[in-house]
Amino acid sequence: MKKQHYYIKQIIATDTHSVRHPVLRPGKPIESCFFDGDNLDTTIHFGIYDTILIGVCSILKKRNPNFTALTQYQLRGMAVLKPYQGLGVGKELITYCDSFLKKKHADLIWCNAREIAVDFYKKNGYHIIGNSFHIKNIGPHFTMKKNLTQ
């Protein structure tokens, strides 16, 4: 099978909602797709496209007090539309973010991963830190991190 050619570009926060909503917040109001920090100057949103927007993620310059790295970013709102899941779209998007952050000399990227996404993050170099925790109305999560300086 021929590899699909996707392209990634920076997008604005509201563009993420068309993917966040069906993947991360199905059945909830669209307002639940507005995340704290989405509109900060230090937050960057990326979209991956086929002929339409098929995946999104956001990276926030945000320190987690559990980590000693100086320059930290949080990966947030990572989502790929269901028909494109399992095709390498998420891996391509996360690899792009890693490269982008390495150029900014970031030391570490971390996320609060849904329990069902832990294996995806592990395959992409992330490691679980600590025990699971519950986010109200969303479900169990794990804090995960990836060092970018190695």
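Quick caveat, the model's predicted, so the values are computed rather than measured. Hydrogens, waters and symmetry mates are skipped; everything else that's a heavy atom, side chains included, is used.
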* Y84: ring-ring contact (aromatic ring centres under 6.0 Å, His included) partners, not counting sequence neighbours -> none
* **NZ or CZ of K9 within 45° of F46 ring axis and under 6.0 Å** => no
Can you list, pair by pair, the side-chain donor-acceptor contacts under 3.5 Å of residues 10-17, counting residues two or more places apart and other chains?
from : atom 1 : to  : atom 2 : distance (Å)
T16  : OG1    : A13 : O      : 2.6
T16  : OG1    : R20 : NE     : 3.3
H17  : NE2    : C33 : O      : 3.4

* Can you name the side-chain contact (heavy atoms from CB on, under 4.5 Å) partners of P140, sequence neighbours left out? -> E115, H134
* Show your working on side chain to side chain contact (heavy atoms under 4.5 Å, CB included) between T95 and F100 and close with a plain yes or no. => CA-CA 9 Å; T95 299; F100 179 86; over 6 Å; no
* To do: Please assess D107 against T149 for the test side chain to side chain donor-acceptor pair (under 3.5 Å), listing each intermediate value before the final yes or no.
  => CA-CA 5 Å; D107 299 309; T149 56; 5.1 Å; no
* Side-chain heavy-atom pair L101, I59 within 4.5 angstrom cut-off -> yes
* **Spatial distance of atom SG (C97) from atom CD1 (I8) [nearest 0.5 Å]** => 7.5 Å
Taking only distance into account, with no hydrogens and no angle test, what donor-acceptor pairs under 3.5 Å do side-chain atoms of residues 116-131 form with protein atoms, sequence neighbours excluded?
from : atom 1 : to   : atom 2 : distance (Å)
N124 : ND2    : F120 : O      : 2.8

* Determine the minimum heavy-atom distance between A69 and L108, stating which atoms define it. => CB-CB, 3.8 Å
* Can you check whether L93 reaches M78 side chain to side chain, under 4.5 Å on heavy atoms? -> yes
* **Closest contact, heavy atoms only, D38 versus S58** => OD1-OG, 4.3 Å
* With the 4.5 Å side-chain cut-off for hydrophobic clustering, are V80 and Y96 part of the same group? -> yes
* Asked: Less than 4.5 Å apart, any side-chain heavy atom of V89 and any of Y6?
  -> yes
* Within-4.5 Å side-chain heavy-atom neighbours: L81 and V23 -> yes
* Hey, does the side chain of S32 reach the backbone of P29 with a donor-acceptor pair shorter than 3.5 angstrom? -> yes
* Would you please name every residue forming a side-chain hydrogen bond (donor to acceptor under 3.5 Å, both in side chains) with H21, sequence neighbours left out? => none
* Hey, any chance I48 and Y7 share a hydrophobic cluster, counting ILVMFWY side chains that come within less than 4.5 Å of each other, even indirectly? -> yes
* Got a donor-acceptor contact below 3.5 angstrom from the H141 side chain to the S132 backbone? -> no
* **I94 reachable from Y73 in the ILVMFWY side-chain graph, under 4.5 Å edges** => yes
* To do: Indicate yes or no: at least one non-hydrogen side-chain atom of T42 is less than 4.5 angstrom from one of L60.
  => no
* Looking at side-chain heavy atoms only, is the closest gap between N147 and W110 below 4.5 Å? -> no
* Give me the other members of the hydrophobic cluster that F133 sits in, counting Ile, Leu, Val, Met, Phe, Trp and Tyr linked by side-chain heavy atoms under 4.5 Å, directly or via other members. => I135, I138
* **Sidechain-backbone polar pair: Q74 side chain, I109 backbone, donor-acceptor under 3.5 Å** => no
* Asked: Can you pull the salt bridge (Lys or Arg N to Asp or Glu O under 4.0 Å) pairs that have at least one residue in residues 138-149, sequence neighbours excluded?
  -> D98-K146
* For S18, side-chain hydrogen bond (donor to acceptor under 3.5 Å, both in side chains) partners two or more places apart -> none
* Residues in side-chain hydrogen bond (donor to acceptor under 3.5 Å, both in side chains) with D36, at least two apart? -> none
* Show the numbers, then the answer: is there a side chain to side chain contact (heavy atoms under 4.5 Å, CB included) between V19 and I54? => CA-CA 7 Å; V19 178; I54 59 171; over 6 Å; no
* **Qualifying salt bridge (Lys or Arg N to Asp or Glu O under 4.0 Å) pairs with a residue from residues 52-81, counting only residues at least two apart or across chains** => none
